[in-house]
Amino acid sequence: MLASVLGAVPRLCNGGRVTTIVVSSGGAGYGFLVDELGRLHQAGFGPEIDAHMEQLPDGIPLALYPLAYPAYDEEPTRAPALRVTHGDGTTTTRLRVEDVRVNGPQTDIVLVDPDCPLGVTLSFHSDDHGVLRQWVSITNRQPGPVTLHEVAAASPLVGASSPHLTHFGGGDWATEWTTTTEVLTPGTKVVESRGGVQPHLRSCPFFLLAPDGPPEETGDAVLAGALAWGGNTRFAFERATTPAVRVWCGHNPAASEYVLDPGATFVTPEQIWMWSTEGVGPLSRRFHRWVRAHAVRDGDALRPVVVNNWEATFFSFDTDRLLGLIDHTADLGAELFLLDDGWFGESHPRDDDTAGLGDWEVDQAKLPGGLGPLVDWADERGVRFGLWVEPEMVNPDSTLYAHHPEWIVGQPTRHPRRWRSQLVLDVLQPDVADFVCGVIDRVLAENPGISYLKWDANRPLTDPGSPTLGADRQANYWVDQVRATWRLMETVVERHPEQTLMLCASGGGRVDLGSLHWFHEVWLSDNTDPVDRVRMQWAASHFLPANVVGAHATREGDRPLAFGCAVAMSARFGFDIDFARLTDEELAVCRRAVETYRDVRPLVQQGELWRLVPPGERAALEYVAADGQNAVVFGFQLAACTDDLEPLRLGGLDPDRVYEVTAVDLAAEPGATGADRERRPAPALMEDGLEWPLREPCTARIWVLEAV
Ligand code: DGJ
């Protein structure tokens, strides 16, 4: 449903004229009331908002409805959505509605502070699939600068009798996407990320809020929230004893006061909302459709099967070793070879992570003749070629740093801190921005056969500061750095639209829906142990469709290869394996995995996800084609079990069809089990289920379903 303004029928309340504003998508959204003083109150936030607003009881004093976007000191006992120090030193803000503009799917509610001129526009955009996006623009209408201490992108009140919050993070490198569901009790729960360049290692910018009890796959109301911001994020959930939670969403204000010049406008990141009244499963399916349509590049396109050399070789490779990996790529039927870190650094060879970063010439000692022979070798075998870059960083042990020590992020009196032996380039400096884009231009010009880039960033931001910012506005860095990086990403995409791009930051350090705008997929974590990956991919699947989630079979954790392949095949499949060390039997497993994946890839990458059994002693999920004609089911046994486990009940099938079900055990030759094919009607598959055949930990089964 498009945004609607119901102000045509003003109500009378408390003797004044009251305007009602509804902004919604798919029927869910906000209802606002504007009181006689022009203050904006929230009268509802949730599903079926029109009906909710029509049924508002008459006669309730408007003061009892909370302010929709409270500025500091407007509601003295609550945390503000906005806190500003004005040019004359005033620390409080009072907001009144000046205008409401509706333009197709977008509604802008313009608020102003009549005493300290400041424009605060709340913007709402109704997307398809029931997504409502919102953001806030602050315009300084004063003669001098103002300081923005805190600016929420959104700060709704959610009615909640038993609020359960699910958030993803709290860990660090290799523990991304750790899922926690907890009851909110009185007080404020803060989920935030820091670190600037790779903040989502610690906390992913997504949450689920189930207002009236634990979230269920098929169940009641649940709200999904996501902040589209490639920097530090903050979600706060303030619960009082009343049945409601005040949610604060925005870029993290920690040490990030923003000085805004006269006439300038500060725009917050976008907060993305989606409500479901049927539980988390339907919510994810709709969210995936929206992500594919709007948030990632070529969201409906199939992604290739990738062979990456990182965990196969780390820095230790030469041309022959890579040619061997490319041969295996072709032999297995994989489609893209990705050359990772370590290919560059002429005078400072990148033989480990201590040197060479910033010197983007091929290390001729390691790769005589450059990348050309590798790219050609791949091309001759029908394999695409991809390349790793980390363009925002520099090792002090590099020619780049020797020539441009002034190009790094830092503060005048501090010796910049090294992290993974590297420093961050200050992308606010125009020369640095040119350099970063130039690196990519040059590499691609020299090697026209490259069609895929992995954009990495392997350290957090410290010593935030830049000579491009005045002494009084160094704290602007946290925000300006993200925007400058996004401009670089945008430029790269504009200049090289044909490139497939993967976003990576020490693993899953950048997974937000803002940065993804320029990318096709993310690397979820450097933790590739398939047992952990089942949990991580499960968590990410609440928001990210499978074709956006890079997942590679590796030897990490020393798990059976058939299990590792099956886990990776339930997302965007690939390998990080030194194939030369595999036995023939293991290579046969890899070959079967690629063959099976290429058959089921349209289901995994474009189908509808049904999460069947959450990770515990086992886990299972299913992808169903939009027309219900086919499906694929992945079953993972995570812990040993001796008892018979419940049959696996499927979801989403067409109840009128009969399906041929083929069980695939990647560890065995097809047909080896003798009973790997049967015909079952959909109701039997959904009500009685598939017999669960697994007992041993780290085993997997894939069922391929085709309507007959
Ligand atoms: C971190 C990434 O997550 C890895 O996949 C790999 O590309 C390394 N960086 C290379 O330094």
Side-chain angles (χ1 to χ4, degrees), residues 171-177 195 197-202 204 230 306-317 322 325 336-345 348-360 363 366 385-395 397-398 418-425 439-440 443 450 452-460 500-511 515-516 519-530 532-533 536-537 540 548-557 564 568 571-578:
D172 210 320
W173 180 79
T175 57
E176 300 94 325
W177 290 97
V197 169
Q198 29 153 252
H200 312 142
L201 285 184
R202 182 177 156 143
C204 303
V306 174
V307 170
N308 187 190
N309 72 309
W310 177 242
E311 289 192 39
T313 65
F314 294 105
F315 294 99
S316 158
F317 55 81
L322 297 181
L325 277 170
L336 189 141
F337 176 74
L338 168 59
L339 175 55
D340 213 284
D341 197 353
W343 56 268
F344 50 89
H348 300 266
R350 180 82 171 159
D351 292 331
D352 56 31
D353 61 19
T354 62
L357 207 51
D359 297 353
W360 298 101
D363 178 359
K366 215 184 241 183
F385 198 91
L387 195 66
W388 178 96
V389 288
E390 191 178 0
E392 302 155 70
M393 303 283 170
V394 62
N395 284 128
D397 191 3
S398 68
R418 297 180 188 193
W419 199 293
R420 207 199 191 204
S421 306
Q422 66 196 57
L423 300 167
V424 186
L425 291 173
V439 163
I440 297 193
V443 166
I450 293 174
Y452 177 107
L453 293 174
K454 174 178 177 181
W455 182 314
D456 201 351
N458 283 298
R459 59 155 289 171
T500 306
L501 296 187
M502 176 201 259
L503 183 55
C504 171
S506 290
R510 272 179 177 161
V511 292
S515 306
L516 255 177
F519 291 82
H520 293 82
E521 57 190 33
V522 293
W523 185 233
L524 213 55
S525 175
D526 279 350
N527 181 345
T528 56
D529 180 333
D532 294 333
R533 272 301 185 122
M536 288 179 175
Q537 291 168 202
V548 173
V549 175
H552 294 179
T554 70
R555 303 312 291 132
E556 194 169 325
R572 199 286 281 131
F573 182 39
F575 296 93
D576 258 76
I577 287 186
D578 184 1

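Note that ligands are numbered from 1 as they come in the structure, with each ligand's atoms numbered from 1 the same way.
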The atoms of ligand 1 lying under 4.0 Å from a heavy atom of W523, numbered in the order shown, are 3 (O), 5 (O)
Parallel, tilted or perpendicular: ring planes of F344 versus W388, cut at 30 and 60 degrees
parallel
Passing option when N308 is tested against L336, L325, L338 for side-chain contact (heavy atoms from CB on, under 4.5 Å)
L338
Regarding Q422 and N458, is there a side-chain donor-to-acceptor distance under 3.5 Å anywhere?
no
Is it true that, when you exclude R418 itself, more than 12 heavy atoms of the residues, nucleotides or ligands shown sit nearer than 6.0 Å to its CZ?
no
Hey, does the Lys NZ or Arg CZ of R533 hover above the aromatic six-ring of W523, less than 6.0 Å from the centre and inside 45° of the axis?
yes
Pick one of side chain, backbone, both or neither for how K454 approaches ligand 1, counting any non-hydrogen atom pair under 4.0 Å.
side chain
The single option from D363, D397, D359, D341 passing side chain to side chain donor-acceptor pair (under 3.5 Å) against R350
D341
Modelled atom types, side-chain donor and acceptor of Q537 and W177, under 3.5 Å
no
Which residue holds the protein heavy atom closest to atom 7 (O) of ligand 1, what is that atom called, and what is the gap in Å?
D340 OD1, 2.7 Å
Examine the proximity of ligand 1 to S506 and report which part, side chain or backbone, both or neither, has a heavy atom under 4.0 Å away.
backbone
Under a 4.0 Å heavy-atom limit, does N458 contact ligand 1 with its side chain, its backbone, both, or neither?
side chain
Residue, atom and distance of the protein heavy atom nearest atom 9 (N) of ligand 1 read D456 OD2, 2.7 Å
Sub-3.5 Å N/O-N/O distance, N308 and ligand 1
no
At less than 4.0 angstrom from any non-hydrogen atom of G507, what atoms of ligand 1 do you find?
3 (O)
Atom 11 (O) of ligand 1: which protein heavy atom is closest, and how many Å away?
D341 OD2, 2.7 Å
I'd like to know if the side chain of S398 and the backbone of V394 have a donor-acceptor N/O pair within less than 3.5 Å.
no
The closest protein heavy-atom partner of atom 3 (O) of ligand 1 is D526 OD1, 2.4 Å
Using a 4.0 Å heavy-atom threshold (strictly under), name the region of R420 that reaches ligand 1: side chain, backbone, both or neither.
side chain
So for Q198, does at least one of its heavy atoms come nearer than 4.0 angstrom to any atom of ligand 1?
no
